[in-house]
Amino acid sequence: MPLPPGPTAHPVVQMARWFRNPLPLMDEAHRRFGDAFSLRLAGMPAPLVVVSHPEVIKEVFALGPDQAHAGKANLVLKPFLGVHSLLLLDGAEHLRQRKMMLPAFHGERMHAYGRSMIELAHHSIDRWPIGQKFAVHGPMQEVTLQVIIRTVFGIAEGPRFAELADLLTRTLRVATRPGLLFAFMQRDLGPMSPWGRFKRLAARTSGLLRDEIRSARDKGTAGRNDVLAMMLDARDEAGRPLSEDEIHDELMTLLIAGHETTATSLAWALRWILPDAPLVQRLRQEIAGAGEDPQAIGKLELLDATVKESLRLQPIIPLVARILQEPFEFGGLRLPTGTLVTPSVYLVSRRPSLYPDPERFVPSRFLTFKPAPWEWLPFGGGLRRCIGAAFAMFEMKMVLASVLGRVDARLASDNVRVTRRAITLAPSGGLPVIVTSRRPREAVASRTAA
Ligand code: HEM
């Protein structure tokens, strides 16, 4: 049985459009072909079957570890994260490592990170220029990088951590060049070539991570409650620990997947919040009531709705992928084993039946509408749902509360486009903004206390 229909343009043309900005291509194909269509992208081993009906997505997310694989669909990340990365594993091995990592990102543990998220956000805000245009994506990246380093290693001070932060920033600057995702660009032509530079930076980062793993193992983990210590202590059902290679690749995954994504989502959130003066006003009132208490900020309803709405309107990852390990039937179609099924995060979030007037930024819709996991999927779903979802949303709230509480700012340009940073879709130019005024932190804190 054939795959669902789709655009007939040459695969090279489809890939070029996909690469530039996949959203208009998905919109167009959805308008023409409906809730299931195929895209043929040059360089991909199989066509992508893009699905956007929530009921079909529900079924895709319900597929078991031996029915659909995500790791094989993420192979493009291998040079960046390593073969043992959770994002690249499948089947039993994926479940084993996922179970060992999940506890680090749960409830109470996560709240313990709230204070440092707020501290680091204020430290950044203190240095923002007043009255001058600057790209806010950079500072957001600095904050989220410091947060994840602190979360993973427990502290973020000392020369080793400064070196790690510097290396990761430089590695990402090279690695997020979209062209490097193509195998033909991955050639080491010396230290000045993009891939050569990336390989050298990645090797130095690896060296630091391995030093850190060995030193933590030698010293023991007593009294530590960071993610590295948890990974060293974790045992699977057979009582086996994670190997050094496994821990290394998972650290790399958390450090990279755990900060670039959140920084870009924060930049998008500001893109929608800043021009909406009445919303800023209402958020400020709500935030003032919570002071700097991370738990209280985490529970603010309008802030929560605002974060969810900005992730809906502008998902940074437009689809998630599964490779079928057995045939999958829906809507009269039977997709064969090996098909790449891709629930579209983007198209679901633009369904008027779920989100009336879907192009508009309306945070209040999430005050009353509680979507099912297959109706709002910026973090994917099922067995592969992002393990950092709660952490990322919590961090976004801490940072946005800190920014909005102290800073009056506006976008420097109305023309904000979608640009690609390797895997993620980011606001163009790093989202230039202009801060018009900044209150001292103490003034905000004392007004809250009064
Ligand atoms: C706003 C920020 C973030 C977004 C939008 C995001 C999005 C995603 C998406 C779409 C997936 C794939 C899910 C699927 O295939 O169904 C994913 C997986 C993953 N994310 Fe995130 N993520 C974010 C933040 C984080 C953070 C903070 C961490 C860690 C601290 C993290 C770690 C991971 C890992 C390890 C996986 C692989 C899960 C697995 O395959 O079992 N992410 N994320």
Side-chain angles (χ1 to χ4, degrees), residues 57-58 60-63 65 68-75 77 81-82 84-91 93-106 109-110 113 117 140-141 143-145 147-153 226-228 230-231 246 249-269 307-308 310-323 340-346 348-349 373-374 376-400 421 423-426:
I57 292 176
K58 181 181 179 183
V60 175
F61 283 167
L63 293 173
H69 285 172
K72 285 194 189 70
N74 291 334
L75 263 185
L77 299 172
L81 306 178
H84 305 288
S85 163
L86 201 59
L87 276 156
L88 284 142
L89 297 174
D90 280 314
E93 199 43 46
H94 167 259
L95 283 185
R96 168 181 175 262
Q97 288 207 30
R98 189 173 162 99
K99 270 194 207 148
M100 292 166 92
M101 290 172 70
L102 268 178
F105 295 96
H106 261 246
R109 279 200 106 84
M110 195 184 63
Y113 309 131
M117 291 171 176
M140 290 296 136
Q141 267 190 309
V143 171
T144 57
L145 178 60
V147 165
I148 195 71
I149 291 181
R150 214 174 260 211
T151 307
V152 166
F153 298 110
D226 50 84
V227 175
L228 172 56
M230 280 207 51
M231 286 207 273
E246 286 170 338
D249 291 0
E250 295 305 10
L251 289 181
M252 200 65 141
T253 303
L254 295 176
L255 289 168
I256 292 187
H259 97 276
E260 166 74 13
T261 46
T262 315
T264 307
S265 301
L266 273 165
W268 277 123
V307 166
K308 286 183 178 144
S310 86
L311 289 166
R312 174 196 74 81
L313 189 56
Q314 207 72 61
I316 57 159
I317 298 175
L319 47 74
V320 293
R322 306 287 184 264
I323 298 185
L340 196 58
V341 188
T342 58
S344 173
V345 179
Y346 169 71
V348 178
S349 71
W374 41 91
W376 181 81
L377 34 141
F379 296 102
L383 289 173
R384 307 301 299 229
R385 187 169 192 269
C386 174
I387 63 168
F391 183 89
M393 299 244 306
F394 191 67
E395 181 175 4
M396 286 180 73
K397 291 177 194 177
M398 298 306 123
V399 175
L400 289 174
R421 284 176 60 84
I423 303 290
T424 56
L425 301 177

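We count ligands from 1, going down the list as the structure has it; atoms in each ligand are counted the same way. FYI, the numbering just counts along the sequence from 1.
When all heavy atoms of I323 and K72 are compared, the pair lying nearest together is CD1-CB, 3.8 Å. When all heavy atoms are compared, the tightest approach of Q141 to H259 is O-CD2, 3.6 Å. Of all non-hydrogen atoms in V345 and P378, the two that sit nearest each other are CG1-CA, 3.6 Å. In plain terms, the two heavy atoms of M230 and A104 that are nearest each other are SD-CA, 3.6 Å. Here the shortest heavy-atom pairing between T144 and A263 reads OG1-CB, 3.5 Å. Here the closest heavy-atom approach between residue H94 and residue L86 is recorded as CD2-O, 3.5 Å.
A salt bridge links D90 and R384; the closest N-O separation between the charged side-chain nitrogens and carboxylate oxygens is under 4.0 Å.
R312 places a side-chain N or O within 3.5 Å of a backbone atom of S349 that can act as its donor or acceptor partner. Panel note: side chain R98, backbone L383; a donor-acceptor pair is recorded below 3.5 Å. Side chain of W268 to main chain of L425: a donor-acceptor pair is present (N/O by atom type, distance under 3.5 Å, no hydrogens or angles).
Under 4.0 angstrom from ligand 1, the non-hydrogen atoms of V320 all belong to its side chain. Only the side chain of I148 comes within 4.0 Å of ligand 1, counting heavy atoms alone; its backbone N, CA, C and O stay farther away.
From the protein, the heavy atom lying nearest to atom 16 (O) of ligand 1 is R322 NH2, 2.6 Å. The protein atom (non-hydrogen) at minimum distance from atom 30 (C) of ligand 1 is F105 CE2, 3.4 Å. Residue, atom and distance of the protein heavy atom nearest to atom 18 (C) of ligand 1 are C386 CA, 3.6 Å. Of all protein heavy atoms, the one closest to atom 10 (C) of ligand 1 is P378 O, 3.4 Å. With hydrogens left out, the protein atom closest to atom 26 (C) of ligand 1 is G258 CA, 3.5 Å, a heavy atom. For atom 6 (C) of ligand 1, the nearest non-hydrogen atom of the protein is F379 CD2, 3.6 Å. If you check which protein heavy atom lies closest to atom 35 (C) of ligand 1, you get I387 CG1, 3.6 Å. S265 OG, 3.2 Å is the protein heavy atom nearest to atom 1 (C) of ligand 1.
Ligand 1 places these atoms under 4.0 Å from at least one heavy atom of F391: 27 (C). Every atom of ligand 1 with a heavy atom of L254 under 4.0 Å away is listed here by number and element: 29 (C). Listed by number with element, the atoms of ligand 1 under 4.0 Å from a non-hydrogen atom of G381 are 16 (O). Here is the list of ligand 1 atoms found below 4.0 Å of a heavy atom in A392: 1 (C), 2 (C), 24 (C). If you number the atoms of ligand 1 from 1 as listed, the ones under 4.0 Å from a heavy atom of R98 come out as 38 (C), 39 (C), 41 (O). Near G380, with a cut-off below 4.0 Å to any heavy atom, the atoms of ligand 1 are 10 (C), 13 (C), 14 (C), 16 (O).
The closest approach between a heavy atom of N74 and any atom of ligand 1 is not below 4.0 Å. At least one heavy atom of A257 sits closer than 4.0 Å to an atom of ligand 1. Residue contacts with ligand 1: H94 is included, with a non-hydrogen atom under 4.0 Å away.
Between T261 and ligand 1, a contact under 3.5 Å exists for no N or O pair. Residue T253 has no nitrogen or oxygen atom sitting less than 3.5 Å from a nitrogen or oxygen atom of ligand 1, judged on distance alone.
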What do the steps show when you test L63 against R322 for side-chain contact (heavy atoms from CB on, under 4.5 Å), and what is the final call?
-> CA-CA 9 Å; L63 293 173; R322 306 287 184 264; 5.6 Å; no
After noting the C-alpha distance and the side-chain angles of M393 and K308, does the key distance pass the side-chain contact (heavy atoms from CB on, under 4.5 Å) rule?
-> CA-CA 8 Å; M393 299 244 306; K308 286 183 178 144; 3.9 Å; yes
side-chain contact (heavy atoms from CB on, under 4.5 Å) evaluation trace for T262 with F391 | CA-CA 9 Å; T262 315; F391 183 89; 5.9 Å; no
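Between the choices H259, M393, R384, the shortest heavy-atom distance to atom 13 (C) of ligand 1 belongs to R384.
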